[in-house]
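See structure below.
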Amino acid sequence: MIFYFSSTGNSKYAAEKIAEMNGDRLVSIGKAMKSNELHYKIGEHEDIGFVTPVYYWGIPDIVYEFLNHVRLDGHGTDRYIYHVVTFGSVTGGANAMLMNALRKNFGLMLSATFAIRMVDNYTPLYDCSNQKKNAEVLAAAEPAIREAAEKIKAREPGEHNFDRGAWALLWPAAQLLYEHERRTRKFSVTDECISCGLCERQCPLNAIRMENGKPVWVKDKCTLCLGCLHRCPKAAIHYGTSEKTVLHGRYLNPNTKPDIL
């Protein structure tokens, strides 16, 4: 069984390809959290995988909260358990953070970790408007995904394709910054909004509500997946300095369809 979180499709695509090669079941963490479906039965011979993006050199808050609340029947300590991270710049301590959560909540240890570089879609900082460059990054990710799937099928242990250097040591500080940046007051909406309500329907934490035809963020913090920003059909949602999110474009992985939450 593979649990994945994905707002723009990078991690979903990786999870789908691994599941396709290995015959695994897929569970969307975003859909599970939005619907409060938090009880799963692990099959007798099933491995357990997690595929997540890297946020501020760690795992997204929604993944951490999922692990704090999910119930996994039959997980056992003899399972092959792996974590695949999709990242744009550095992996930081994402696997350490996930391992800590697994140990604390289930007494489990990771058997293997994998890192796959994909398009960095954090538009407040990074430009994802160059379609040619995006296509090159995604093409380079294909052999890494295939290699990870093959190693997972063979149940190979160990750390694969990580090149963190000193960055891993700084992830706790980066996560403190993440807590500050998750404040929803930084989101804004322009007059291009057509009141479609897609942002409300697709927010995995139900942090958006349509009021008078416009989205309003009703929670102080969200997971900062930027799914509302990237999926808005009119690019009417911005985060922080609107000029940056205009110039840096919008991104959805072209090789998969976004989850319908």
Side-chain angles (χ1 to χ4, degrees), residues 1-30 40 42-43 45-55 57-60 62-64 66-67 72 75 78-103 108-121 134-165 167-168 171 225 251-259:
M1 183 176 287
I2 300 175
F3 299 94
Y4 71 92
F5 177 69
S6 186
S7 64
T8 61
N10 285 337
S11 291
K12 182 186 181 186
Y13 178 68
E16 287 175 333
K17 296 298 288 185
I18 294 169
E20 179 183 333
M21 289 183 66
N22 296 330
D24 290 317
R25 294 187 289 166
L26 286 172
V27 174
S28 165
I29 291 175
Y40 300 92
I42 308 299
H45 301 292
E46 267 190 309
D47 297 326
I48 304 174
F50 297 90
V51 184
T52 75
V54 175
Y55 286 8
W57 305 345
I59 59 175
I62 191 172
V63 176
Y64 190 75
F66 175 79
L67 292 172
L72 301 177
H75 56 73
D78 58 341
R79 301 283 179 174
Y80 178 76
I81 304 171
Y82 60 91
H83 183 202
V84 178
V85 298
T86 61
F87 71 103
S89 54
V90 295
T91 57
N95 61 337
M97 191 172 177
L98 186 91
M99 184 178 292
N100 290 341
L102 288 174
R103 184 188 299 117
L108 298 176
M109 296 288 291
L110 284 174
S111 308
T113 56
F114 305 85
I116 299 169
R117 186 182 297 275
M118 301 188 86
V119 176
D120 199 320
N121 54 36
N134 292 348
E136 291 172 351
V137 172
L138 293 177
E142 288 294 332
I145 295 173
R146 185 166 53 252
E147 180 183 5
E150 291 170 350
K151 290 182 182 298
I152 289 167
K153 187 171 185 177
R155 307 182 93 227
E156 288 191 23
E159 188 175 275
H160 304 275
N161 297 334
F162 278 79
D163 184 17
R164 294 180 304 249
W167 295 112
W171 72 263
C225 70
Y251 170 81
L252 292 174
N253 187 300
N255 299 317
T256 188
K257 294 181 180 179
D259 283 330

pair [X]-[Y]: side-chain heavy atoms closer than 4.5 Å:
X: I81; Y: L102; result: yes
X: Y4; Y: I29; result: no
X: T8; Y: L252; result: yes
X: F87; Y: Y55; result: no
X: E150; Y: M21; result: yes
X: V27; Y: M1; result: yes
X: Y13; Y: I145; result: yes
X: N253; Y: M118; result: yes

Take H75 and L108, measure what side chain to side chain contact (heavy atoms under 4.5 Å, CB included) needs, and give me the verdict at the end. CA-CA 9 Å; H75 56 73; L108 298 176; 3.7 Å; yes
N-O pairing of E142 and R146 below 4.0 Å: no
Please determine whether a side-chain nitrogen of the Lys or Arg among R79 and D47 lies less than 4.0 Å from a carboxylate oxygen of the Asp or Glu. no
Between [atom1] of [X] and [atom2] of [Y], what distance do you get to the nearest 0.5 Å?
X: F114; Y: E159; atom1: CZ; atom2: CD; value: 10.5 Å
X: K151; Y: I18; atom1: NZ; atom2: CD1; value: 13.0 Å
X: E20; Y: L26; atom1: CD; atom2: CG; value: 10.5 Å
X: E16; Y: S11; atom1: CD; atom2: OG; value: 11.0 Å
X: R103; Y: L98; atom1: CZ; atom2: CG; value: 10.5 Å

Please walk me through it: do F5 and I62 pass side chain to side chain contact (heavy atoms under 4.5 Å, CB included)? CA-CA 8 Å; F5 177 69; I62 191 172; 3.7 Å; yes
Pairing donors with acceptors under 3.5 angstrom, does anything connect the side chains of [X] and [Y]?
X: H83; Y: T52; answer: yes
X: N10; Y: T86; answer: no
X: N95; Y: Y82; answer: no

So, does S7 use its side chain to make a donor-acceptor pair with the main chain of C225 at under 3.5 Å? yes
Is the backbone of G43 close enough, under 3.5 Å, to the side chain of E46 for a donor and an acceptor to pair up by distance? yes
Which heavy atom of [X] sits nearest a heavy atom of [Y], and at what distance?
X: T91; Y: A115; value: CG2-CB, 3.9 Å
X: G9; Y: T256; value: O-CG2, 3.6 Å
X: L67; Y: A101; value: CD1-CB, 3.7 Å
X: V54; Y: V90; value: CG1-O, 3.7 Å
X: D259; Y: S28; value: OD2-OG, 3.4 Å
X: E156; Y: Y80; value: O-OH, 2.6 Å

Are F3 and Y40 an aromatic pair, judged by ring center distance below 6.0 Å? yes
Go through the steps for Y64 and N100 under the test side chain to side chain donor-acceptor pair (under 3.5 Å), then give the verdict. CA-CA 10 Å; Y64 190 75; N100 290 341; over 6 Å; no
